[in-house]
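Right, one structure below, let's go through it.
Below, read A as the first sequence line, B as the second, and so on, with proteins coming before strands; counting in each chain starts at 1. The figures that follow rest on heavy atoms only: side chains count, while hydrogens, waters and symmetry mates do not.
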Number of protein chains: 2
Amino acid sequence: MQDILFDFISKYVSLTEDEKKALLSLDLFHSVKKGTVLLKEGQKSKESFFVLKGCIRTFYIIDGEEKTTAFYTELDALTPHSVVKNVPSDYFIGCVEDCILLISNTDMSVEVNSKFPKFDIMCRMLSEELLAKQQIDFDEFKISSPEQRYLNLLQKRPDLIQRVPQHQLASYLGIKPQSLSRLRARILEKSKG
Amino acid sequence: MQDILFDFISKYVSLTEDEKKALLSLDLFHSVKKGTVLLKEGQKSKESFFVLKGCIRTFYIIDGEEKTTAFYTELDALTPHSVVKNVPSDYFIGCVEDCILLISNTDMSVEVNSKFPKFDIMCRMLSEELLAKQQIDFDEFKISSPEQRYLNLLQKRPDLIQRVPQHQLASYLGIKPQSLSRLRARILEKSKG
DNA sequence: TTAACTCGTTCACTTAAGTTAAGAAATGAT
DNA sequence: ATCATTTCTTAACTTAAGTGAACGAGTTAA
C-alpha cells in the first residue's frame, strides 16, 4: 500500500529513505468502511484526504436531498474548501466504498513542510495541476448537454458508472435520477437503431 | 498600479523592499487593447496572466461558435492548463476590455522562485485557494438550474453582467444566447407580478 | 450615407429535463 | 427468511432549453 503512495510521489519529487521513513512514521493510513461520513456540513476540520483505494464523494444536502458533486478515486487528493479557508464546511464527505485513505491534518503538514521543503514544492505542483485539470472539466461541463456529459464520463471514467449508485451519478451530471434513467434508455434505443 | 499588486501579495507573504524591486525590474506590466487574443488554440505558450485592470476570458471555438467558459477580472490569476501540462492549448484567451495585465512566463518564475522561496509559498497558497474556490463554483453550477445560476451571478458578480456581452455570458451560464434572453424576460415578468 | 455585420430579442416549434407518482428490483436489518 | 428501505425504472404531464428564422438597434467599413 505504501508503494502506491511512493510511486505517486515520485512523479513529482524524489524522496530519500529518511524522508520516506519520516512520512511513514506519521501513521497516516486509515481503513474506512463504506458509508462512513468523513466530514459533516458545518464542521470545521483540518483534515485532507488522499485516496489509496476505494472511492469517496462530496455531497450537499439541500431540502433533504443529497446532491453529489464530486467523486475521488485511487490517487485523487481532496483538501476541502473549509480547510483551506478555515471556515465551516458547506458539504459532506462520505465513503462510497470501503476505502484505504491517507488522512493528514493542516498542523501536521506545516511541520512536515518546514522539515522537508520538497513537500511544499510537490503540494504546489499538485494543486496547480489539479486546478488546471478542474478548469478543463468545468469548461467541458458548461459546453456539454447532460447526454454528452454522460457519454463523456463513459469514455473517461467508465469505472465510476459501475461503482457508484445512479442517483449519485445523476447530480454529478447536473440532472435528476429520473432524467439519467431516461437518458440511458434513449442512448440504448439509438444504438439499437 | 504596482500598489495594487503589492497589496494583493501582502495578503499572502510580506516582501522586503529588495524583493519588491526585483519583482518590478522584471517588467511584467502590459497594457492590452480590447479584443486582443492572448493565447490561441493549439499554441504552446508559457505565459500566465494576472489581471490588474480590465477583464479577460477563456473561450473555445466549436463548430465555428465561440463558447466562453470563464471570465477573469481585477486580481484574478490565470495559468492556462496548457502551461501547467506543457501541451498545446484547447482554448483561446481574449481581452473583453482594455486591460492592464501582469504577464509572466514559466522560465522566469522558476528563476524568481529559486531566488525568493516566498514566491513558491505564495503560489501554493494561491493555487490551493483557487482550487478550493473553483470546486465550490463547480458544485454550485451542478446543483443549480440556468435561472438559478443567472440569479446567483447577479448576486456575486453583478459587474460581469454589465461589462460582458450577453452571448458570452450565455455560454458561461451553460446555455444559448436566446435562452438567456428568454430567461431574463421571464424573471422580469415574475418580478412585476 | 449606405451597406454589411454584430448583437440582442422575440416567435413558433422541437426536444429534453423537471415533477409527481407508481411499481419492480435490489439491499439491509432483524 | 421476512420485512422494510433504498434504488432504479417507467409513465404522463409540465416546464424550460435548443433550434431556426426574423427583426430592429447599434457598430463598422466602404
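- Between B/Leu183 atom CG and C/dT10 atom P the separation is 13 Å, expressed in whole Å.
- When the side-chain nitrogen and oxygen atoms of B/His167 are compared with OP1 and OP2 of C/dT6, none of them lie within a distance under 4.0 Å.
- Counting to the nearest Å, the P atom of C/dG18 and the CD atom of B/Gln148 are 11 Å from each other.
- When the side chain to side chain contact (heavy atoms under 4.5 Å, CB included) test is applied to B/Asp120, the partners found at least two apart in sequence or on another chain are A/Ile121, A/Arg124, B/Asn113.
- Look at CD on B/Gln166: it is 11 Å from P on C/dT10, rounded to the nearest Å.
- Between A/Lys34 and A/Gln178, it is A/Gln178 whose nearest contact on DNA chain C lies nearer the 5' terminus.
- Taking CZ of B/Arg184 as the reference point, atom CG of B/Leu180 lies at 6.0 Å (rounded to 0.5 Å).
- Checked by distance alone, B/Arg182 brings no side-chain donor or acceptor within 3.5 Å of a matching partner on the base of C/dG8.
- Between the OG atom in A/Ser179 and the CZ atom in A/Arg186 there is a gap of 8.5 Å [rounded to 0.5 Å].
- Applying the 4.0 Å criterion to OP1 and OP2 of C/dG8, one finds that B/Ser181 has every side-chain N and O outside that range.
- Between A/Glu111 and A/Ser114 the shortest heavy-atom distance is O-OG, 2.9 Å.
- Bending across the helix from C/dT1-D/dA30 to C/dT30-D/dA1, expressed as the angle between its end axes from five pairs apiece, amounts to 50° (10° rounding).
- Protein chain B touches strand DNA chain D; the 5'-most and 3'-most nucleotides with an atom under 4.0 angstrom of its non-hydrogen atoms are D/dA16 to D/dG20.
- Contact annotation for B/Arg186: backbone-only contact, meaning every heavy-atom pair under 4.0 Å involves sugar-phosphate atoms and none involves a base.
- Partners of B/Gln2 under the side chain to side chain contact (heavy atoms under 4.5 Å, CB included) rule, at least two apart in sequence or in another chain, are B/Phe6, B/Leu24, B/Phe29.
- Rounded to whole Å, the distance from CD on A/Glu65 to C1' on C/dT19 is 11 Å.
- Shown here are the side chain to side chain contact (heavy atoms under 4.5 Å, CB included) partners of A/Asp139, two or more places apart in sequence or in another chain: B/Tyr60, B/Thr69, B/Tyr91.
- Nucleotide C/dT19 holds its P atom 15 Å from the CG atom of A/Leu180, rounded to whole Å.
- Legend: ring pair (Phe, Tyr, Trp, His ring centres under 6.0 Å) pairs involving residues 96-116 of chain B, not counting sequence neighbours: none detected.
- Counted by atom type alone, B/Arg57 and B/Thr68 present one or more donor-acceptor pairs between their side chains at under 3.5 Å.
- The cationic atom of B/Arg149 (NZ for Lys, CZ for Arg) lies less than 6.0 Å from the six-membered ring centre of B/Phe141 and within 45° of the ring axis.
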